[in-house]
Amino acid sequence: MKKLDIDARGKINLTLDVLFKRLDGYHEVEMIMQTIALKDIISIELLSRRDIVLNTNCKKLPQDESNLAYQAAELMMKEYELDAGVSIDIHKNIPLAAGLAGGSSDAAAVIIGINELFELKIPKDELMTLGERIGADVPFCILGKTAFARGIGEQLTPLKSLSGLSILLVKPPYCISTKEVYNRLDVKNIKIRPDTKAMIDYIEHQDIDKIASGLCNVLEEVTIRLYPELGDIKKRMLEKGALGSVMSGSGPSVFGIFENIRDAKRAADDFAGTDNWIFVTKTE
Ligand SMILES: C[C@@](CO)(OP(=O)(O)O)[C@H](O)COP(=O)(O)OP(=O)(O)OC[C@H]1O[C@@H](n2ccc(N)nc2=O)[C@H](O)[C@@H]1O
Ligand SMILES: Nc1ncnc2c1ncn2[C@@H]1O[C@H](COP(=O)(O)OP(=O)(O)O)[C@@H](O)[C@H]1O
């Protein structure tokens, strides 16, 4: 039977601004999103019967219909009336509920994989529109690289690619619900907002120092209120040479941009021995 391995890469948010709460309960955002090399591997195999079989190396991950990869397969099968099925194996490396879009990225990989495996030839923009039904971050995970996101995150404009930046990720040993963080945000009293326009300009000029100093996420205030130690992680990253540091998405992962991979690894050593998950990676 035909089989494919697809990389499901994580993301970080270089900026995240929330404009207002919509009537549907979602928040209108402006974000600059960036793919990182940290990835899950999704293996998809064609099944002759109309079924979805899911396996994973991660015990904490749901293996039923609540798994976003399962939902993506179900959506593709329904939408394109596929009369065969898939077996999906998720090799998880991206920590769960970390603000790194691990689940969204798995879903995106399944959508891309089924499109290839069944030779559907559906254009990327149609796959992205479909992906939105699974989650707000899925369209970006299908597009990848560097992009400006609006709406709930689904209206995407590709930016000049910011690949090769050295990144240190530090995630404390707990998960955070995206829904809870958005719910706790007091949109009318946001203290510090990113200058998104300026950031787009810095990216256009590939000005790393300015990009690092422009990192800003309005959800950080909410999550740091719940977990003040995230502020200490940021501080420590900056003390250890990060050009800039901020929380990704709804958290709790914090990332730092470093001059080079050696500096990022040196700072990572400083976090060793704590109960945090630590990972050095690059932007893609
Ligand atoms: C915060 C961000 C930033 O990239 O990422 P993560 O921290 O999840 O990685 C995203 O906006 C998250 O995207 P995603 O995780 O796909 O969100 P969804 O599953 O669609 O929504 C989860 C919940 O978050 C809230 N939500 C999400 C997106 C948005 N623009 N406004 C919202 O209010 C809603 O309450 C929704 O029920
Ligand atoms: N394939 C998947 N990988 C990761 N999480 C998943 C997956 N399917 C469903 N989930 C659930 O989605 C939630 C958020 O997942 P994730 O995408 O990792 O985080 P975030 O939205 O913070 O980036 C988790 O609580 C997890 O149980």
Side-chain angles (χ1 to χ4, degrees), residues 6 8-36 38-42 44 52 54-74 88-111 128 131-143 147-156 169 171-172 174-185 187 194 217-220 222-223 246-255 277:
I6 310 263
R9 292 189 174 83
K11 62 85 189 159
I12 50 177
N13 302 84
L14 301 178
T15 62
L16 196 163
D17 200 3
V18 177
L19 307 185
F20 57 89
K21 187 170 180 176
R22 304 170 10 152
L23 293 174
D24 63 6
Y26 269 75
H27 290 76
E28 193 77 10
V29 294
E30 281 188 353
M31 317 186 275
I32 298 176
M33 307 181 78
Q34 174 64 53
T35 302
I36 52 175
L38 168 67
K39 64 189 183 194
D40 297 339
I41 308 283
I42 310 294
I44 312 180
I52 301 168
L54 192 71
N55 287 296
T56 173
N57 65 331
C58 175
K59 289 191 183 74
K60 288 187 199 148
L61 202 60
Q63 262 169 277
D64 56 13
E65 312 78 58
S66 66
N67 193 298
L68 299 175
Y70 187 103
Q71 290 175 18
E74 202 171 35
I88 302 167
D89 184 74
I90 304 176
H91 185 90
K92 203 83 196 148
N93 296 309
I94 306 174
L96 304 190
L100 301 173
S104 307
S105 192
D106 293 352
V110 167
I111 291 173
M128 286 161 63
E132 192 192 329
R133 289 201 232 158
I134 309 281
D137 271 350
V138 178
F140 171 74
C141 292
I142 293 174
L143 181 70
F148 173 46
R150 281 178 298 170
I152 62 163
E154 87 292 8
Q155 293 169 29
L156 292 158
L169 294 165
K171 180 201 161 279
Y174 39 80
C175 298
I176 287 185
S177 147
T178 301
K179 194 183 180 82
E180 187 189 344
V181 173
Y182 272 112
N183 282 345
R184 284 176 180 265
L185 178 72
V187 188
N217 175 353
V218 302
L219 298 180
E220 191 181 74
V222 179
T223 313
V246 76
M247 186 183 82
S248 182
S250 52
S253 299
V254 171
F255 71 89
W277 171 85

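Atoms within each ligand, like the ligands themselves, are counted from 1 in listed order. All residue numbers refer to positions in the sequence shown, counting from 1.
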Check ligand 1 against [X] and write out every atom of the ligand that is under 4.0 Å from a heavy-atom position of the residue.
X: Met33; answer: 4 (O)
X: Ser104; answer: 16 (O)
X: Ile152; answer: 30 (N)
X: Asn13; answer: 3 (C), 4 (O)
X: Ala101; answer: 9 (O)
X: Gly25; answer: 33 (O)
X: Met31; answer: 3 (C), 4 (O)

Please list the nearest protein heavy atom to [atom] with its residue and the distance rounded to 0.1 Å.
atom: atom 23 (O) of ligand 2; answer: Ala101 N, 2.7 Å
atom: atom 12 (O) of ligand 2; answer: Leu68 CD1, 4.3 Å
atom: atom 6 (C) of ligand 2; answer: Leu61 CD1, 3.7 Å

Among the heavy atoms of Ala97, does any lie under 4.0 Å from an atom of ligand 2?
yes
Note: Lys92, heavy atoms under 4.0 Å from ligand 2, region reported as side chain
Is there a nitrogen or oxygen of Gly135 sitting under 3.5 Å from a nitrogen or oxygen of ligand 1?
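Among all N and O atoms of Gly135, none is under 3.5 Å from an N or O of ligand 1.
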Using distance alone, determine whether Asn183 and ligand 1 share an N or O pair under 3.5 Å.
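Asn183 vs ligand 1: no N/O contact under 3.5 Å.
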Would you say atom 9 (C) of ligand 2 makes contact with the protein, given that contact here means a non-hydrogen protein atom less than 4.0 Å away?
yes
What do you think, any protein heavy atom under 4.0 angstrom from atom 4 (C) of ligand 2?
yes
Only heavy atoms of [X], strictly under 4.0 Å: list the atoms of ligand 2 that pass.
X: Gly99; result: 20 (P), 22 (O), 23 (O)
X: Ser104; result: 17 (O)
X: Asn67; result: 1 (N), 2 (C), 7 (C), 8 (N), 9 (C)
X: Leu100; result: 23 (O)

My understanding is that we take every heavy atom of each candidate and find the minimum distance to [atom]. Doing that for [options], which one comes out nearest?
atom: atom 15 (O) of ligand 1; options: Thr178, Val18, Leu100, Ile134; result: Thr178
atom: atom 23 (C) of ligand 1; options: Lys179, Lys11, Lys21; result: Lys179
atom: atom 21 (O) of ligand 2; options: Asp40, Thr178, Ile94, Ile90; result: Thr178

Using distance alone, decide if ligand 2 has a nitrogen or oxygen within less than 3.5 Å of any nitrogen or oxygen in Gly251.
no
Distance-only N or O hit between ligand 2 and Leu96, under 3.5 Å
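Checking ligand 2 against Leu96, no N or O pair falls under 3.5 Å apart.
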Would Lys92 and Asp106 pass as an ion pair if we require N to O under 4.0 Å?
yes
